[in-house]
2 protein chains.
Amino acid sequence: MEDRGGYGQFCPVSMAAEILCTRWTALVIRELLCGSTRFNQLRRGVPRMSPALLSKRLKELEKIGVIVTAPRESGAVEYHLSPAGEDLRSIILGMGFWGQRWVESQLSLKNLDPSLLMWDIRRNLNPEPLLPGRCTIQFQYPELPEPQRNWWMVIEKGKVDLCGFDPGYEINLLVRSSLRTMTAIWMGFAPIPHELAAGRLELQGERPIANAIQKWLTLSTFAPEPRRVS
Amino acid sequence: MEDRGGYGQFCPVSMAAEILCTRWTALVIRELLCGSTRFNQLRRGVPRMSPALLSKRLKELEKIGVIVTAPRESGAVEYHLSPAGEDLRSIILGMGFWGQRWVESQLSLKNLDPSLLMWDIRRNLNPEPLLPGRCTIQFQYPELPEPQRNWWMVIEKGKVDLCGFDPGYEINLLVRSSLRTMTAIWMGFAPIPHELAAGRLELQGERPIANAIQKWLTLSTFAPEPRRVS
DNA sequence: CAGTATCCCCACCGATACTG
DNA sequence: CAGTATCGGTGGGGATACTG
């Protein structure tokens, strides 16, 4: 009879926790904060969440007023954060910075996922140092089986495209490392020059593009945060 | 095979959410931030959480490094936040302020609980305007059944005691209202003068103590936050 | 593409009782 | 006071299929 989901407390921390601390919800909001608006965009950001559950969460968040939906001509809808949802940004960012400060890197690096990593890199890649013209950068994780081993990033006219298949263009730079190394670099755990020197990161191709890697390969938002655990 | 509880993402938001967004965890941390250190103190702050689950959560949080335990001579332990746990304060507070800004008051006021309210009032009551000597204030919620109707707050030597039974002292002030009204006042939804004028809040007893109610009855930490929903 | 529907299983949670 | 033990229920997640 009692509401099974809730905490039964009037305290605003409790009310917020009922919304924010439901399974997957924080990550869905993170995706929306990063700019995803379509169902399958959101799915790419939370690949291990079932579509049924994602759909349910989106409806709940809309009902609560954290999300607003805008119908599109195709019949599908776009999901956007309401002002209340946008106001969660500092909390979600706070959680990320806390995680960066206090969660052991070994623990984070147990959750390797090339498609998530590449999706994140694409989202933050800075095309400006790679202009003008088209630039194709191939990422290779030699230890992975075929469908996950190679990724191509095509930068053209300031737009970044990510492919899981060879787009057929000339490769301007090949970036080769283990998935673990690239993830550690992305998280800010390992500096690029250090990994290059140790031979764990290899760059083959045009020197100017290789030399500019620290300019175009923007690291995670949380990478600059000083760590407080080993 | 896969870890059922986690999200499988290296993102620090995800790592933090795995910790913070487990059921009840945010509220347990809130209690620790408020200064509770003993098992049964914590239970009073999360009365609808089973002791088994509280015990489990405390162990998990200790293992993660958010809590440290200190044994006491009686054999039981004291729970304290580690630096990592203390560093969660801004996030928990952020959640509370967000809730205060955006959660409809009607929704919060569906979760009335006199013992939680009185426990909160006790924790924040300012004894300074009630000095010197002993002062006994009775709170009465006439609509409630007997074991929850009357509460006594005894202020003496700067210390505040809460009783669910008549301590036998002379009552210096009787505060009478519905539980809903008192909760709304505490949350900052309804100003005390307004509720007095409307007859929903009655004060009987010594005038100076009644007149000073806005000095000793500190409202919730979140009460001053401007609301952004009706 | 953008979801909805269904089935099954199981880990987590709630409730209650119990113990040193 | 400070927890542990036990048991039954259920919501979440995987799998799969289906619809407009």
Side-chain angles (χ1 to χ4, degrees), chain A residues 1-9 14 17-28 31-32 36-63 67-80 111 113 164, chain B residues 1-9 14 17-28 31-32 36-64 67-80 111 113 119 164:
Chain A
M1 52 163 300
E2 309 286 346
D3 50 315
R4 316 269 301 133
Y7 296 122
Q9 299 195 4
S14 168
E18 286 189 19
I19 295 170
L20 205 56
C21 297
T22 307
R23 187 153 167 79
W24 290 109
T25 299
L27 297 193
V28 171
E31 288 306 303
L32 288 160
S36 294
T37 62
R38 309 262 297 273
F39 192 82
N40 280 359
Q41 280 180 337
L42 292 167
R43 286 196 68 183
R44 294 187 74 161
V46 283
R48 304 179 41 154
M49 184 181 191
S50 77
L53 192 50
L54 174 57
S55 174
K56 187 181 167 197
R57 285 285 180 275
L58 289 169
K59 283 186 181 13
E60 291 168 1
L61 290 171
E62 185 185 8
K63 189 173 175 188
I67 281 180
V68 289
T69 58
R72 300 187 312 132
E73 62 273 17
S74 66
V77 298
E78 270 185 8
Y79 300 94
H80 289 277
N111 296 321
D113 182 326
Chain B
M1 46 171 289
E2 308 288 346
D3 50 318
R4 316 272 297 133
Y7 296 121
Q9 299 194 4
S14 168
E18 285 188 19
I19 295 169
L20 205 56
C21 297
T22 308
R23 187 154 167 77
W24 288 111
T25 299
L27 298 192
V28 171
E31 287 307 302
L32 288 160
S36 294
T37 62
R38 309 263 297 271
F39 193 83
N40 280 0
Q41 280 179 337
L42 292 166
R43 285 196 67 181
R44 294 188 73 160
V46 282
R48 304 177 44 152
M49 185 182 191
S50 77
L53 192 50
L54 175 57
S55 174
K56 187 181 166 197
R57 285 284 180 275
L58 290 169
K59 283 185 183 12
E60 292 167 359
L61 290 171
E62 186 186 6
K63 189 173 177 190
I64 290 168
I67 282 180
V68 288
T69 57
R72 301 187 310 135
E73 62 273 19
S74 66
V77 298
E78 270 185 7
Y79 301 94
H80 290 277
N111 296 321
D113 182 327
W119 181 243

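Note that the coordinates shown come from a computational prediction; the quantities given were computed from them, not determined experimentally. Throughout, a chain's letter reflects where its sequence line sits, starting with A, and its residues are numbered from 1. The analysis underlying the following values was restricted to heavy atoms, covering all of them including side chains, and did not include hydrogens, waters or symmetry mates.
Whole-Å rounding puts the L53(B) CG to dT6(D) C1' distance at 15 Å. We find that CG of L27(B) is positioned 13 Å from P of dC13(C), with the value rounded to whole Å. Nucleotide dG12(D) holds its P atom 11 Å from the OH atom of Y7(B), rounded to whole Å. Between M49(B) atom CE and dC12(C) atom P the separation is 14 Å, expressed in whole Å. Protein atom CG of L54(B) is 10 Å distant from nucleotide atom P of dT4(D), rounded to whole Å.
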Secondary-structure notation, DNA chain C, from Watson-Crick and G-U pairs under 3.5 angstrom (| other strand): ||||||||||||||||||||
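Applying the ring-ring contact (aromatic ring centres under 6.0 Å, His included) criterion to W24(B), with sequence neighbours excluded, gives Y7(A). The side chain to side chain donor-acceptor pair (under 3.5 Å) check on T37(A) picks up nothing, with sequence neighbours excluded. Scored by the salt bridge (charged side-chain N to carboxylate O under 4.0 Å, His left out) test, E60(A) finds R57(A) as partners (sequence neighbours excluded). Looking at residues two or more places apart in sequence or on another chain, you find no side chain to side chain donor-acceptor pair (under 3.5 Å) involving R43(B).
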List the steps and the verdict of side-chain contact (heavy atoms from CB on, under 4.5 Å) for T69(A) and I67(A). CA-CA 7 Å; T69(A) 58; I67(A) 281 180; 4.3 Å; yes
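Listed pair R48(B) / dC13(C) fails the phosphate criterion, with no side-chain N or O lying under 4.0 Å from OP1 or OP2. In terms of phosphate contacts, K56(B) brings no side-chain nitrogen or oxygen within less than 4.0 Å of OP1 or OP2 of dT4(D). One finds no side-chain N or O of R23(B) lying less than 4.0 angstrom from the OP1 or OP2 phosphate oxygen of dG11(D). Here W24(B) reaches the OP1 or OP2 of dG14(C): one of its side-chain N or O atoms lies under 4.0 Å away.
In this structure, the side chains of L58(B) and L42(B) come closer than 4.5 Å at one or more pairs of heavy atoms. Looking at heavy atoms from C-beta onward, K56(A) lies in side-chain contact with L53(A) at the 4.5 angstrom threshold. A heavy-atom distance below 4.5 Å is not found between the side chains of S36(B) and Y79(B).
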Quick one: which protein N/O atoms are closer than 3.5 Å to N/O atoms of nucleotides 1-3 of chain C? Pair and distance per line, please.
unit_1: dA2(C); atom_1: OP1; unit_2: R38(A); atom_2: NE; d: 2.5
unit_1: dA2(C); atom_1: OP1; unit_2: R38(A); atom_2: NH2; d: 2.1
unit_1: dG3(C); atom_1: OP1; unit_2: Y79(A); atom_2: OH; d: 3.2

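Looking at Q9(B), its side chain does come within 3.5 Å of a backbone N or O of G45(A) through a donor-acceptor pair.
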